[in-house]
K.L.:
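Dropping a structure here in structure tokens format, bear with me for questions.
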Amino acid sequence: MNIVVAGDCEKHDFILAAAVLLKGYFNNDVMIVSDNSRHYQYFEGEVSGIQIMNAVPAGADKPDIVLYDWHHGYPEGLEDEKTVFATSYERQAMENVDVLLNQKRIPGLLLVIEEECGLGLKYIDSYYPVIASKISYISSAERRIDWVHDGRVKLKVDKDFAEAVNDFLIEICNVPKNDIKKLWQYARKRGD
């Protein structure tokens with residue numbers, strides 16, 4: 001399963017949490033591939049059993065689940081991938097989604113990373129009417145920075161962030177809604 005989360009915004013906390021939970025649920029190898037190693041470099045290629053790379057190695061056995069955290073354009077050469085666009089309220093992030101939409105790509109979901117400003121979800125709804133399904137969470141600099149400094153993913157998170165990850169797992173990754181609560185409990189017990 002290839003899942004592309006494309007958008008010019010900081011979403012590594014979301015990708016890491018989703019990867020940890022996907023690994024726990026499917027009990028399969030999971031890899032994160034990113035075209036921006038700014039934050040991932042501190043994990044030194046692995047976190048909680050999840051490989052982190054700048055590209056899928058050629059000729060190597062690809063894991064069952066690959067999450068692409070893409071910032072510039074869209075990864076090439078993928079087939080049957082599930083697509084999510086991500087944006088914050090910053091202008092360059094929204095313009096990046098515009099470019100992706102102009103390439104005739106329609107995502108299954110729009111991930112909105114909210115911050116305190118004059119814009120809100122109503123604006124996003126009216127700005128992107130072609131994207132039917134949207135999820136959001138409030139950005140947490142503390143979470144993003146702490147995870148990078150600690151080199152591990154802590155699943156004690158804010159409710160809105162957990163709900164956004166849950167919706168992503170249900171809508172994009174086909175995790176049954178009934179299994180979500182048990183999945184979080186299992187992942188927290190494992191210490192991820």
K.L.:
Run the numbers on D125 and K134 for salt bridge (Lys or Arg N to Asp or Glu O under 4.0 Å), then give the verdict.
P.N.:
CA-CA 8 Å; D125 283 339; K134 298 171 184 76; 3.5 Å; yes

K.L.:
Determine whether the side chains of E171 and S133 contain a donor N or O and an acceptor N or O closer than 3.5 Å.
P.N.:
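Yes, side-chain donor-acceptor contact under 3.5 Å.
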
K.L.:
Is atom CD of E44 surrounded by more than 12 heavy atoms (other residues, nucleotides or ligands) closer than 6.0 Å?
P.N.:
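It does not: E44 CD has 12 such atoms or fewer within range.
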
K.L.:
For F168 and F14, I'd like to know if the aromatic rings sit close, meaning centre-to-centre distance below 6.0 Å.
P.N.:
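Yes, close enough.
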
K.L.:
Tell me which one of K82, E79, K62 satisfies side-chain contact (heavy atoms from CB on, under 4.5 Å) with N2.
P.N.:
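Exactly one candidate clears the test, K62.
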
K.L.:
Please walk me through it: do V84 and I172 pass side chain to side chain contact (heavy atoms under 4.5 Å, CB included)?
P.N.:
CA-CA 8 Å; V84 174; I172 300 299; 3.7 Å; yes

K.L.:
Would you say the side-chain atoms of S48 pair up with the backbone N or O of I50, donor to acceptor, closer than 3.5 Å?
P.N.:
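No; judged by distance alone, with no hydrogens or angles, the pair does not exist.
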
K.L.:
Any sub-3.5 Å donor-acceptor pair from S34's side-chain atoms to S37's backbone N or O?
P.N.:
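Side chain of S34 to backbone of S37: no pair is present.
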
K.L.:
Could you check whether N166 and W184, counting side-chain N and O atoms only, form a donor-acceptor pair closer than 3.5 Å?
P.N.:
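Yes.
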
K.L.:
Testing the basics here: between V30 and A19, what is the closest heavy-atom pair and its distance to 0.1 Å?
P.N.:
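Shortest heavy-atom separation between V30 and A19 comes out as CG1-CB, 3.9 Å.
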
K.L.:
May I have the step-by-step check of side chain to side chain contact (heavy atoms under 4.5 Å, CB included) for Y128 and D98, ending in yes or no?
P.N.:
CA-CA 9 Å; Y128 299 114; D98 291 340; 3.4 Å; yes

K.L.:
For the residue pair Y74 / T83, report whether a side-chain donor-acceptor contact shorter than 3.5 Å exists.
P.N.:
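Short answer, yes.
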
K.L.:
Assess whether side chain to side chain contact (heavy atoms under 4.5 Å, CB included) is satisfied between I113 and Y89, documenting all intermediate values.
P.N.:
CA-CA 7 Å; I113 302 163; Y89 294 135; over 6 Å; no

K.L.:
For residues Y68 and D35, is any side-chain donor paired with an opposing acceptor at under 3.5 Å?
P.N.:
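No, because no side-chain N or O of Y68 sits under 3.5 Å from a partner of the opposite role on D35.
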
K.L.:
How about Y127: does its OH atom have over 12 heavy atoms from other parts shown lying under 6.0 Å from it?
P.N.:
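More than 12 within 6.0 Å, yes.
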
K.L.:
For a quick check under 3.5 Å, do D158 and Y137 share a side-chain donor-acceptor pair by atom type?
P.N.:
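Checked: D158/Y137 side chains show no N/O donor-acceptor pair below 3.5 Å.
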
K.L.:
So for atom CD, which belongs to E116, do other residues, nucleotides or ligands contribute more than 12 heavy atoms lying within a distance under 6.0 Å?
P.N.:
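For E116, atom CD is not crowded (no more than 12 foreign heavy atoms under 6.0 Å).
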
